[in-house]
Colleague: 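Structure incoming, see below.
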Amino acid sequence: MRRHRVLHGPFSALLGVTALLLTACSGTAPDDSRDTRAVTPPPVGAGFDYQLGGPYAPPAGVEVVVRDHTASPARGLYNICYVNAFQAQPDAEREWDSDLLLRDGDGSDEGGGEVVMDEDWGEALLDIGTAEKRKRIAARVNGWIDDCAAKGFDAVEPDNYDSFTRAPEGLLSADDAEAFLTLLAAHAHARGLAIGQKNTAELAPDREEVGLDFAVVEECGRYRECGDYTDAFGDHVLVIEYDQRGLERACEGWGDDISVVRRDLDVLPAGRPGHVRETCADV
């Protein structure tokens, strides 16, 4: 599966200002009054947009929007808040305690080997291999989840659930990933937020044990995996495809029941060269 990140640097700062202006115009206000009784998954089969590259006015017919946790929610829609939960952002390793970065040696705080990187994205993997470290990492990620709730988001999408598959053999396991995501799910629910599983089809059967409410899936049409997610989540599945054939397959098999959208690889805002957004209605 291809995985996507929000932009950082000067352009991301501009996007943040844009998000604040959009929120000011929309009248959306932070809400810190949520509790677990308010947890609701995204509406099934709704119009959907994936706006990780920067917020913009949702197209007509969209009911569900995913934006980064640094952005603000879209007024009047169901908003999902993206957080990079299992890996450090690019060049952000120093923002984490050194012993919380996964290393390919003996795991000691000092001199424990080289930091394990997701080379495709230049991101350090976080060491979720022990209960103590999971608790410390969750404390930080839960702070981002608190921000999502305070801004008025309805749900959270923690990315890189599958980071254990990129760790050298024996360093991390699926059990570690599930134990960590269980901590995040409990916190999200306590703040009144639904929580989605990101990709990682092999762990979908455990969604109830972990506490997951829906799935956000990249390229399940292309890789013929959409059924793995609907088997576990029913119609509570949001699909992003990045090419025409993937969109066609997802729509042919599941387009009447689940949310499907095609985006450009960089998930660019509308109006920027290269922006692509298509739905099953365009197939």
Side-chain angles (χ1 to χ4, degrees), residues 1-8 11-12 14-19 21-23 25-26 28 41-84 121 153-157 159 196 198-199 214-226 229-230 235-283:
M1 289 289 185
R2 184 178 175 89
R3 292 165 296 105
H4 287 80
R5 298 290 178 272
V6 293
L7 300 175
H8 292 269
F11 184 65
S12 68
L14 177 60
L15 292 177
V17 172
T18 302
L21 291 174
L22 286 172
T23 300
C25 293
S26 70
T28 300
V44 167
F48 170 50
D49 203 6
Y50 205 57
Q51 298 190 359
L52 294 192
Y56 54 91
V62 168
E63 299 177 53
V64 179
V65 175
V66 178
R67 290 178 174 175
D68 185 61
H69 71 95
T70 59
S72 298
R75 180 184 181 184
L77 304 182
Y78 189 100
N79 289 272
I80 301 172
C81 190
Y82 170 98
V83 296
N84 189 4
W121 295 99
F153 282 90
D154 301 287
V156 62
E157 175 202 332
D159 201 6
K198 180 68 173 288
N199 298 330
F214 62 97
V216 179
V217 185
E218 291 174 302
E219 300 190 289
C220 69
R222 177 181 179 185
Y223 293 106
R224 303 178 186 273
E225 294 178 334
C226 296
Y229 293 97
T230 57
D235 294 339
H236 290 287
V237 178
L238 307 170
V239 175
I240 309 100
E241 297 290 339
Y242 298 106
D243 63 32
Q244 185 65 27
R245 186 58 184 138
L247 177 67
E248 291 172 355
R249 285 178 180 164
C251 292
E252 289 167 3
W254 296 273
D256 290 338
D257 302 311
I258 65 177
S259 299
V260 181
V261 69
R262 179 188 175 189
R263 289 301 326 273
D264 54 279
L265 292 175
D266 295 317
V267 286
L268 295 168
R272 292 199 65 203
H275 169 87
V276 173
R277 183 183 181 274
E278 297 178 341
T279 69
C280 294
D282 300 306
V283 174

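Side chains included, hydrogens not; waters and symmetry mates left out as well; all remaining heavy atoms used.
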Colleague: Looking at every non-hydrogen atom in both residues, tell me the closest pair between A46 and S259 and how far apart they are.
Modeller: O-OG, 2.7 Å
Colleague: Only one of H275, E218, E241, E278 passes side chain to side chain donor-acceptor pair (under 3.5 Å) with R263; say which it is.
Modeller: H275
Colleague: So do I80 and L238 actually touch side chain to side chain, heavy atoms under 4.5 Å?
Modeller: yes
Colleague: Has D154 got a side-chain atom pairing as donor or acceptor with N79's backbone, closer than 3.5 angstrom?
Modeller: yes
Colleague: Can you name the closest pair of heavy atoms from V276 and D264 and give their distance?
Modeller: N-OD1, 2.9 Å
Colleague: For Y82 versus D159, what's the shortest heavy-atom pair and its separation?
Modeller: OH-OD2, 2.8 Å
Colleague: Minimum heavy-atom separation for A215 and Y229, please, with both atom names.
Modeller: CB-CD2, 4.1 Å
Colleague: Under a 4.5 Å cut-off applied to non-hydrogen side-chain atoms, are D49 and P59 in contact?
Modeller: yes
Colleague: Can you list the residues that meet the salt bridge (Lys or Arg N to Asp or Glu O under 4.0 Å) rule with E248, with sequence neighbours excluded?
Modeller: R245
Colleague: If I take atom OG1 from residue T279 and atom CZ from residue F48, how far apart are they, to the nearest 0.5 angstrom?
Modeller: 12.0 Å
Colleague: Any side-chain to backbone donor/acceptor pair from D243 onto G246? Under 3.5 Å, distance only.
Modeller: yes
Colleague: For V267 and Q51, run side chain to side chain contact (heavy atoms under 4.5 Å, CB included): C-alpha distance rounded to whole Å, both residues' side-chain angles, the deciding distance at 0.1 Å, then the answer.
Modeller: CA-CA 6 Å; V267 286; Q51 298 190 359; over 6 Å; no
Colleague: Show the nearest heavy-atom pair for residues L268 and Y56, with the distance to one decimal.
Modeller: O-CE2, 4.0 Å
Colleague: What's the spacing between I258 CD1 and T230 OG1 if we round to 0.5 Å?
Modeller: 6.5 Å
Colleague: Check V62 against V65 and note the closest heavy-atom contact, atom names and distance.
Modeller: CG1-CG2, 3.7 Å
Colleague: Quick check for you: to the nearest 0.5 Å, what is the distance between F153 atom CZ and H69 atom NE2?
Modeller: 9.5 Å
Colleague: Quick one: pull up CD in E157 and CG in N199 and give me the separation to the nearest 0.5 Å.
Modeller: 8.0 Å
Colleague: Please assess W254 against D235 for the test side chain to side chain contact (heavy atoms under 4.5 Å, CB included), listing each intermediate value before the final yes or no.
Modeller: CA-CA 9 Å; W254 296 273; D235 294 339; over 6 Å; no
